[in-house]
Amino acid sequence: MRRRTPPLRSGCHTAAPHESAFTLIELLVVISIISLLMALILPAIQSAREAARRTQCLSHMRQLCLGMHGAASRSATGQLPAYGVWGDDAATSATSTQPAALWSWVVEILPFIDRRDLYDRWNFNSRHSNGTNATLIRTFNIKILTCPDDESANERSGALSFVVNAGYAGIDSVIELNRTTGWGNQNGNYHKFDNVKIDWNSNGTVGDKEDNELTRRSGVLWREVVHRLKGNFKAERNQSLSLKEIYDGQSQTLMMTENLHAGGLESPAQMWGDPDARSCTFVLPIRRISRAGPAYFANPPLDPNFPGCVINGARFGNEGRSPWPSSNHPGGVCAAFCDGSTKFVSQDIDLLVYKRIVTPAGSRLNSSSVVAQAILSDRDF
Ligand SMILES: [Ca+2]
Ligand SMILES: [Ca+2]
């Protein structure tokens, strides 16, 4: 049977009457879905950016660590460079008893971080803050010396975000290490291996050979005083450790960390050439006491008045006067270990563990009167 075709009605449209594509409610639903997706995606993008900056920071530190290895291999004794070198510059008078602040570890490793051009122009007979040296520092930004998350350093000429492990530093009082002003006393300029001034072995003599040896085991890089021109002071050989002397394991000993306040005390403040311990190192502040007792070396008490003792404890400290680990990465700092490996170290790290990763030879046993630090496990940090 043939189907009947419906009759065509002239002048009549079959389409639905004209109406809007979305109702208000539909529009609101779409907007809320988009905002929900944005809320989900934005933190992910932000954390991806954060992770990228952290990765870049770790990569810069790794290159610097390899530079340190390069400098150690160049040294006749295999020692790492001094964190800072003092001595006489051309302007030193023959009666001067104070060596001038010449250059930092950064200058020592320039040839090994692809900056021989700058190294060859450095004037080793002049302090870092004068003449050609000051101009070099203030003119050139060395990207790998900075962390992209350190606003006070990133993209600035002369800037420095990274500091090296200078171990225990003897602090006399809160006057020296102030919560707001940082490490202000002049002793900060002369942090050195025998300046902790603690009778570690409790034999009644402060600073005997064994005390000094124990202090040296607390940090990786120490200072050097060169005496070539005039001046009335003694030379001091570089006390930094060689890689072989890192008894506790290079992968378990900090070489460098970040510090938001690294850089010189001069103006402009950020200066990668300043050898002052407060500018280019991080230290573990130790209260000087007359007799240490057997466990003081292994586990020196951290004074609660010194918040800078702990990671990120002094994030808002003074520029060039707060030699403690700090960063803008959430929850901790990037760190490089002596073997060149890098790791993000939590600010909630067990303080006993933190003290052990600072010391390069804290677990070495050869003193009858001083307890060695316990051996670390890779799981500990
Ligand atoms: Ca002693
Ligand atoms: Ca150690």
Side-chain angles (χ1 to χ4, degrees), residues 65 68 72 79-80 83 163-172 192-222 239-257 281-302 309-311 323-325 332-333 335-343 345-346 349-381:
C65 253
M68 285 284 191
Q79 282 172 284
L80 291 158
Y83 71 72
V163 288
V164 291
N165 177 0
Y168 293 169
I171 302 295
D172 273 332
K192 50 184 180 172
F193 82 102
D194 63 351
N195 211 20
V196 174
K197 298 268 190 283
I198 290 178
D199 181 13
W200 295 117
N201 54 12
S202 306
N203 66 353
T205 308
V206 176
D208 56 73
K209 200 175 167 216
E210 189 181 39
D211 291 334
N212 289 347
E213 182 47 38
L214 281 157
T215 299
R216 185 165 174 263
R217 282 189 218 166
S218 75
V220 178
L221 296 150
W222 300 94
Q239 296 289 338
S240 295
L241 275 68
S242 67
L243 293 167
K244 272 192 304 202
E245 288 177 291
I246 301 176
Y247 179 88
D248 299 341
Q250 293 179 35
S251 60
Q252 297 191 327
T253 306
L254 287 169
M255 172 78 89
M256 64 180 72
T257 71
T281 78
F282 73 94
V283 298
L284 198 67
I286 302 302
R287 188 180 279 274
R288 291 188 187 114
I289 55 171
S290 51
R291 281 204 186 196
Y296 202 81
F297 176 81
N299 186 19
L302 295 181
C309 300
V310 299
I311 291 172
W324 344 109
V333 291
F337 289 77
C338 290
D339 63 342
S341 62
T342 52
K343 203 179 254 188
V345 177
S346 165
I349 186 173
D350 179 333
L351 284 182
L352 197 53
V353 172
Y354 176 57
K355 290 170 197 171
R356 288 187 225 158
I357 59 172
V358 168
T359 57
S363 70
R364 201 168 139 198
L365 303 159
N366 69 352
S367 173
S368 52
S369 42
V370 176
V371 175
Q373 284 181 325
I375 291 172
L376 273 168
S377 156
D378 284 342
R379 266 202 321 262
D380 288 341
F381 60 97

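Whatever order the structure lists them in is the order used to number ligands and atoms, beginning at 1. Here the structure is a predicted model, which is why all the values come from computation and not from measurement.
- Arg364 contributes atom CZ, which lies 9.5 Å from atom CG of Leu214 (distance to the nearest 0.5 angstrom).
- Counting just the N/O/S atoms of Asp211, the one with the shortest distance to the Ca ion (ligand 1) is named OD2.
- Of the N and O atoms on the side chains of Gln373 and Asn299, not one donor lies less than 3.5 Å from an acceptor on the other residue.
- Counting backbone and side-chain atoms alike, Ser202 contributes no N/O/S atom closer than 3.0 Å to the Ca ion (ligand 1).
- Below the 3.0 Å limit, the Ca ion (ligand 2) has as protein N, O or S neighbours Asp248 OD2, Arg356 O, Thr359 O, Thr359 OG1.
- With rounding to the nearest 0.5 Å, the separation of OG1 in Thr359 from CZ in Phe297 is 6.0 Å.
- Looking only at N/O/S atoms, Asp199 comes nearest to the Ca ion (ligand 1) through OD1.
- The shortest distance between side-chain heavy atoms of Phe282 and Asn165 falls below 4.5 Å.
- Asp208 contributes OD2 as its N, O or S atom closest to the Ca ion (ligand 1).
- Here the straight-line distance linking atom OH of Tyr296 with atom CD1 of Ile198 works out to 5.0 Å at 0.5 Å rounding.
- Put simply, NZ on Lys244 and OG on Ser242 are 5.5 Å apart, with the number rounded to the nearest 0.5 Å.
- Residue-environment remark: CG (Leu352) exceeds the threshold of 12 foreign heavy atoms within 6.0 Å.
- With the Ca ion (ligand 1) as the vertex, atom OD1 of Asn201 and atom OD1 of Asn203 span an angle of 80° (nearest 10 degrees).
- The line from CZ of Arg216 to OG of Ser240 is 8.0 Å long, rounded to the nearest 0.5 Å.
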